[in-house]
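Contents: one structure, followed by commentary.
Values reported hereafter were calculated over all heavy atoms of this structure, with side chains retained and with hydrogens, waters and symmetry mates removed. When a ligand or atom number is given, it counts from 1 through the structure's own listing order.
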Amino acid sequence: MSVFDHIEYDGHLRITHVTDADTGLRAVHAVHRTVNGMSGGGIRFRPYASDDEALTDVLRLSKAMSQKFALAGIPVGGGKSVIIGDPAQLKTPALLAAYGRYIEGLNGLYVGGPDVGTNAEDMTELARSTRYVTGRADQSGSTALPTALGCMAAMKATVQAAFDREGFDGLRVAVQGAGGVGGELVKMLIRDGATVLVADIDQAALANARAAGATVVSTEDILTADVDLLSPNAMGAVLSPETIPTIQAQAICGCANNQLATPDCADLLTARGILWAPDYVVSAGGAIDGCKDAGLITPEERDAKIDGIGETLAAIFAIATQDNMTTDAAAQLLAQRRMSENA
Ligand SMILES: NC(=O)c1ccc[n+]([C@@H]2O[C@H](COP(=O)([O-])OP(=O)(O)OC[C@H]3O[C@@H](n4cnc5c(N)ncnc54)[C@H](O)[C@@H]3O)[C@@H](O)[C@H]2O)c1
């Protein structure tokens, strides 16, 4: 099958297989679109079950980056890298240097950043051979804080739309996953007057959440907790035909990537009257921060765009109501409009 017939192919500008025999590097890089000749997106390092799975992931994720940047009002196209293999066994300075040389050769067409399987130290390593990498240890390092700040702006818009109320005072929130992002959210929500339930599989994360004033519940009970707002911040595919009928929250807003197990779960949520804030809108804070690191926006613009996630989400909710569509469909429509305005 030609890549042009691939189900996830969406007119991507470029798809490249990258190899380096000396270091065992095998990667797929995709640029979905560029704006002013630029694209950006994370560098994922995963033991994919097959090369086709890696291709599917890079096509899907690079398109998602285009939508994320367009919705965040950032003039950059979407790109993504996936390095195939177990990072614990394969990741070496030499392999990262080889991938860095590949990125450098693109001369600014693509800027990479940390993603699943890579971290700030890896970006520092890559930066030895390319200028086009963000999220180095000497820059912002973790993107958890800007991501959580964006999520708070998104939660305000969600609470406004779902409950017609300002702020979090007295709101009951269930937070699934209290790691980098979820841990920050727990602290901010409690600071703003919410009652927070939290679940995690990591005892240190739970201890921090408890110290911040959250009540710990089991990982089995968090999704079905009797709360107003549910915030998934652990893993993907948590909203499925099995879980959706059991959810008591009337609104969902969190940063976990790919929360819908399948696209039609958006319809199931709408049918149950649950307002879902699409994760690719909610979790844009880290990507926005990366654009500041890349020198594309100033720190002030970064703060304004992170805050602007709330306005974008309010616009998505308004489209969904007016045009009687799911919030997922409304977000994709708005992303498409913004991409054609900024082609
Ligand atoms: N960090 C970012 O800037 C960023 C940006 C965009 C999206 N995201 C997404 O947000 C989510 C959280 O990111 P993070 O950086 O906080 O990751 P993290 O690894 O720091 O935190 C995830 C937490 O979830 C917990 N967890 C794992 N399985 C669980 C389960 N079954 N039940 C409850 N908790 C469980 C982990 O123990 C961990 O504490 C991820 O899906 C990530 O892809 C993060």
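Counting protein heavy atoms only, atom 28 (N) of ligand 1 is closest to Ile201 CD1, 3.6 Å. In terms of protein heavy-atom proximity, atom 43 (O) of ligand 1 is nearest to Asn257 ND2, 2.8 Å. The protein heavy-atom contact nearest to atom 35 (C) of ligand 1 is Ala234 CB, 3.6 Å.
Asp328 and Thr326 share no side-chain donor-acceptor pair at under 3.5 Å.
Residue-to-ligand polar distances keep Ala178 apart from ligand 1: every N/O pair is separated by 3.5 Å or more. Considering backbone and side-chain N/O of Ser283, none are found under 3.5 Å from N/O of ligand 1. For Lys68, no nitrogen or oxygen atom sits less than 3.5 Å from a nitrogen or oxygen atom of ligand 1, counting backbone and side chain alike.
Checked options Thr56, Leu59, Ile15, Val18; the residue passing with Val28 is Ile15 (criterion: side-chain contact (heavy atoms from CB on, under 4.5 Å)). Each of Ser39, Ser62, Ser66 was scored for a side-chain hydrogen bond (donor to acceptor under 3.5 Å, both in side chains) with His32, with one residue passing: Ser66.
Nearest heavy atom pair, residue Ala137 against residue Glu121, reads CB-OE2, 4.0 Å. Between Gly40 and Phe69 the shortest heavy-atom distance is O-CE1, 3.3 Å. What you find for Gln248 and Ala225 is that their closest heavy atoms are CB-O, 3.5 Å.
The presence of a protein heavy atom under 4.0 Å from atom 1 (N) of ligand 1 is confirmed. Atom 39 (O) of ligand 1 is approached by the protein to below 4.0 angstrom, counting heavy atoms only.
Atom numbering of ligand 1 starts at 1 in the shown order; those under 4.0 Å from a heavy atom of Thr219 are 32 (N), 33 (C). Within the listing of ligand 1, atoms 24 (O), 34 (N) sit less than 4.0 angstrom from a heavy atom of Gly177. Residue contact check: Ala256 has heavy atoms under 4.0 Å from atoms 10 (O), 11 (C), 41 (O) of ligand 1. Taking every non-hydrogen atom of Gly180 and a distance limit under 4.0 Å, the qualifying atoms of ligand 1 come out as 16 (O), 18 (P), 20 (O), 21 (O). For ligand 1, the atoms lying closer than 4.0 Å to a non-hydrogen atom of Cys255 are 7 (C), 8 (N), 9 (C), 10 (O).
The same ILVMFWY cluster, assembled from side-chain heavy atoms under 4.5 Å apart, contains both Tyr132 and Phe45. Side-chain heavy atoms closer than 4.5 Å link hydrophobic residues (I, L, V, M, F, W, Y) into clusters, and following such links, possibly through other members, connects Ile288 to Met188.
Across Val181, Asn258, Asn208, Thr143, heavy-atom proximity to atom 14 (P) of ligand 1 is greatest for Val181.
Under the 3.5 Å distance criterion, the side-chain polar atoms of Gln259 are matched with a main-chain donor or acceptor of Gly254.
Contacts between Asn233 and ligand 1, counted as non-hydrogen atom pairs separated by less than 4.0 Å, involve the backbone only. Contacts with ligand 1 closer than 4.0 Å are made by backbone heavy atoms (N, CA, C, O) of Ala199 only, the side chain lying farther away.
Between Asp293 and Arg136, none of the side-chain N atoms (NZ, or NE/NH1/NH2) sits under 4.0 Å from a carboxylate O, so this pair counts as no salt bridge.
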